[in-house]
2 protein chains.
Amino acid sequence: MHPAHFHVTVDVVALTITDGVLKVAVVQRDSKTSCIDQRRNGDVREIPRDSKHHWALSGGHVRYDTENINEAAARELFEETKIKVDPESLVQLGAYGALGRDPRPGRTVSIAFLAFQPMFSDPIAGTDAKQARFFSVLDLLTEPNRLEFDHELMLLDAIQRVREMVLTTPIATSFCPPQFTMSELREVYEVLWHPAYDKEISDADRQRLAAELRRYENSDEYQLLSSLKNQSARGNTESRTAQPRGLSSGSVYSRIESEFPEFRYQLAQMPQERLNQITKILMTEAKSNVPKKPEIKKRLDPANFARKVEKIPGFIEKISDSELRSSMSGTGRPAQLYRRGDIQRLDPPLRLEVKRGKGKTKWD
Amino acid sequence: MHPAHFHVTVDVVALTITDGVLKVAVVQRDSKTSCIDQRRNGDVREIPRDSKHHWALSGGHVRYDTENINEAAARELFEETKIKVDPESLVQLGAYGALGRDPRPGRTVSIAFLAFQPMFSDPIAGTDAKQARFFSVLDLLTEPNRLEFDHELMLLDAIQRVREMVLTTPIATSFCPPQFTMSELREVYEVLWHPAYDKEISDADRQRLAAELRRYENSDEYQLLSSLKNQSARGNTESRTAQPRGLSSGSVYSRIESEFPEFRYQLAQMPQERLNQITKILMTEAKSNVPKKPEIKKRLDPANFARKVEKIPGFIEKISDSELRSSMSGTGRPAQLYRRGDIQRLDPPLRLEVKRGKGKTKWD
DNA sequence: CCAAAAGTGTTCTTAGTACACCCATGG
DNA sequence: CCATGGGTGTACTAAGAACACTTTTGG
């Protein structure tokens, strides 16, 4: 008979896609309250990490006498990120209980969950960004921002699982707004199949691919674009004074100054209408300069993708008597809107030709 | 901070297929050493059960300070059933930690594993049959032999997982002898897709389907057939005196008596050659009387199945300069033998048209 | 001879791909 | 006007299903 020396914890991988980038909810715990596998880097590899770069999945102990593990997962997620999910919607990834994942006395077994129930468009509202935020998954796989060792494993397992699930269940729609266009849905699949998320890829390759995507995300234009998007989406005026971070190159601003010479002094007093004009120009400029999303596995053929998806009964429904939506990029013909259907499983499953045999499989 | 009131256990679902019937390794624990969810029936439903019908998956506590959970699973499986598996080959099904699955103080979270690494042709050798044996899965889903409540759930989850895995990995060959024919391999798929194993089926339906298969398994002819098969396979003489159990109807024996009137008195002294003759007749008779395996989901077309399987690179290899094997039923043209290939994943995955939409999905 | 299963071949249908082409928008 | 993306159509290809036919065993 073995004494009860176990800690049972839960960790939640909450995924979302914003602006074509896969992101995961992470928290920054201070060492006092951190209970799961702190400072786990020593025995695997030495990773440069400071307090600003120390992220972990949200999670914590299961209350042993009052809650089921999925309830614990939902509770921890809410407590730490303010994301509210139905415990039943959480998908269990499995138990991670390797020896030595926790240096404290006893033994910790953590059960990982996957969440994407809500549409995380503007998530973790009301939480201090220092403590919880969505973070680009690729960033968490490159150097300065690495997750705990086995949180990284959980994350990769989670992505693997999501790939399976978007082919067999309608959860891909959870990454989209309630009303979405075909290309928004298609982008979910294109993003998820970026080769950098492959589990069996070499670390060097992942670093290279991640760096590529990172360059894209960190480009001034992308930063500007997403901040403008948020601004115009919620029409919040608070960000009028907050300058988009990372903006340093002058090409965009110089154009504004040429068209609006009074910019420098009158921005604060400018009427909203004029500000919208400026925003529009900024977005246009940004869009035209954002580099192409680098080598997504397979740019899916829009026509064929749409046909395939529409053929699956109950997956999505055309919103017939509704407005069309202008496409993500602003240009192009406005698109038909869809909403998610009412089925639980895709039947038949969606099939993308995912050539798995990249490096190792032998083809004669 | 929550105190460590957790028990962490493992349970192993070890599956095999013998004589066209899916079986799982179960053990009969006496109440003193049983540590996982004993007498769990009260809160769900009242199930008639006596000591002879009280089966559970093999499993037990993880040693908190010395072993990983998959190692614990392999150890427990070996200790209780003498089945030896590589811990790395175990597939984790997930954690089962619902409140109240164990009445003892504290809380038990069990992590379920799936095993099929070895070819369980003559398994659990050397173990007292009272303590561990392979049991027909269908029998464990019908009344007198029910598993613990959440072991039944594990079992169904396991089968679900195996179905996925035989389509994407070469593990289907693990259910076959080292050298196998196409029909032996095909039978694996046919057996696994029996609708009684569907998870979402209603309990009443499952009972009905299980009863059907059960009638088949319990038929005198099937019993005779499998015992004769074992006898001739290992040529063990010990069973010469042991009469196949369940044999009561006289049709087979009467035929023997008509052809071998001396049967009643001379069986014990009979030369092996003559015994083989008798065995052959018995098998023939049995085969001709065994009712058809009832409604396997879809009798797969042998020709198309073979082509499909042979097209997957590295899945199976033809054994070129080898004997052919006469088919399972004895009659028919001898078949080509195969052995498993060396790949880890089926690429492309095997696809059987598994019409999932049986009851609930709407097809317009 | 027949029955049963293996193995081969063939036809027909479907699913999927790769395009070409027009439409609607922003600039 | 152009570029960009949405939407429709279509020809070509691959995959799969169904089935006929031959072969080889046991009886």
Side-chain angles (χ1 to χ4, degrees), chain A residues 20 167 180-187 190 255 259 277 279-290 292-293 298-312 318-320 323-338 348-355, chain B residues 20 167 180-187 190 255 259 277 279-290 292-293 298-312 318-320 323-338 348-355:
Chain A
L167 300 180
F180 51 88
T181 67
M182 266 300 168
S183 26
E184 286 170 327
L185 183 61
R186 176 163 38 87
E187 194 188 34
E190 293 177 335
R255 174 160 170 203
E259 296 203 22
Q277 271 185 288
T279 299
K280 223 165 194 178
I281 293 178
L282 281 168
M283 289 188 74
T284 305
E285 183 72 17
K287 276 165 204 156
S288 67
N289 286 0
V290 168
K292 283 293 166 212
K293 225 159 298 166
K298 166 98 176 181
R299 199 77 197 177
L300 299 169
D301 183 296
N304 296 335
F305 177 83
R307 271 187 288 250
K308 225 185 275 191
V309 163
E310 278 176 330
K311 184 165 11 180
I312 299 174
K318 198 174 286 195
I319 301 178
S320 43
E323 303 278 297
L324 304 183
R325 164 139 25 123
S326 61
S327 70
M328 289 184 288
S329 72
T331 181
R333 175 172 164 183
Q336 173 64 51
L337 285 177
Y338 297 84
L350 183 60
R351 293 178 42 218
L352 313 178
E353 71 324 350
V354 187
K355 282 217 180 300
Chain B
L167 299 181
F180 51 88
T181 67
M182 265 299 169
S183 29
E184 286 169 329
L185 183 62
R186 177 162 40 86
E187 194 188 34
E190 292 177 335
R255 174 162 171 200
E259 296 204 23
Q277 270 185 287
T279 299
K280 225 164 193 180
I281 293 177
L282 281 168
M283 290 187 74
T284 305
E285 184 73 17
K287 275 166 204 158
S288 67
N289 286 1
V290 167
K292 282 291 165 215
K293 224 160 297 166
K298 168 99 176 179
R299 199 76 199 176
L300 298 170
D301 183 294
N304 295 336
F305 177 84
R307 272 187 288 249
K308 223 185 276 192
V309 162
E310 276 176 332
K311 181 163 16 176
I312 299 175
K318 197 175 288 195
I319 302 177
S320 44
E323 304 276 297
L324 303 184
R325 162 127 40 110
S326 62
S327 69
M328 289 183 288
S329 72
T331 181
R333 176 172 163 182
Q336 171 66 53
L337 284 177
Y338 296 84
L350 182 60
R351 295 176 43 217
L352 312 178
E353 75 322 350
V354 188
K355 282 215 179 298

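Everything numeric here is computed off the predicted structure, so don't read it as measured data.
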* To do: Could you tell me whether the side chain of A:Tyr338 reaches within less than 4.5 Å of the side chain of A:Glu184, counting heavy atoms only?
  => no
* What's the CZ-C1' distance between B:Phe305 and C:dA5, to the nearest Å? -> 15 Å
Might you list the N or O atoms of the protein lying below 3.5 Å from N or O atoms in nucleotides 10-13 of chain D, with each pair's distance?
residue: D:dT10; atom: O4; partner: A:Arg307; partner atom: NH2; Å: 3.4

* Under 4.0 Å between a side-chain N/O of A:Thr331 and OP1 or OP2 of C:dG27, yes or no? -> no
* Interatomic distance, B:Glu310 CD vs C:dA6 C1' [rounded to whole Å] -> 12 Å
* Between D:dT24, C:dA5, D:dG5, which nucleotide gets closest to the side-chain atoms of B:Ser183? -> C:dA5
* Would you say the side-chain atoms of A:Lys308 pair up with the backbone N or O of A:Arg351, donor to acceptor, closer than 3.5 Å? -> yes
* Asked: When rounded to the nearest 0.5 angstrom, what distance separates CD in B:Gln336 from OG in B:Ser320?
  -> 8.0 Å
* **Atom-pair distance (CG on B:Leu300; P on D:dA18), nearest Å** => 11 Å
* To do: Find which nucleotide of DNA chain C each of B:Lys318 and A:Ala303 is nearest to by heavy atoms, and output the residue with the more 5' nucleotide.
  => B:Lys318
* Distance, nearest 0.5 Å, that separates CD of B:Glu187 from CG of B:Leu300 -> 11.0 Å
* Asked: Has A:Arg333 got a side-chain N or O lying under 4.0 Å from the OP1 or OP2 atom of C:dG26?
  -> no
* Asked: What is the distance, rounded to the nearest whole Å, between atom CG of B:Leu167 and atom P of D:dG16?
  -> 12 Å
* May I ask you to evaluate whether A:Lys308 reaches the phosphate of C:dT17, defined as a side-chain N or O under 4.0 Å from OP1 or OP2? => yes
* Are OP1 or OP2 of D:dG16 and a side-chain N or O of B:Arg351 less than 4.0 angstrom apart? -> yes
* Asked: Measuring from B:Asp301:CG to B:Arg307:CZ, what's the distance to the nearest 0.5 Å?
  -> 7.5 Å
* Asked: Is there a side-chain contact between A:Pro302 and A:Met182, using heavy atoms and a 4.5 Å cut-off?
  -> no
* To do: Could you state the atom-to-atom distance from NZ of B:Lys311 to C1' of C:dT8 in whole Å?
  => 15 Å
* Euclidean distance, atom CG of residue B:Asp301 to atom P of C:dT10 [Å, nearest integer] -> 16 Å
* **Gap between atoms CZ and P, on A:Arg299 and C:dA18 respectively (whole Å)** => 15 Å
* Hey, what do you get for CD1 (A:Ile312) to CG (A:Leu167), rounding to the nearest 0.5 Å? -> 9.0 Å
* **Test side-chain contact (heavy atoms from CB on, under 4.5 Å) applied to B:Phe180 and B:Leu337, B:Ile319, B:Leu185, the passing residue** => B:Leu185
* **Whole-Å distance separating the CG atom of B:Leu352 from the C1' atom of D:dG16** => 12 Å
* To do: For the helix from C:dC1-D:dG27 to C:dG27-D:dC1, figure out the bend between the end axes, five pairs an end, and round to 10 degrees.
  => 0°
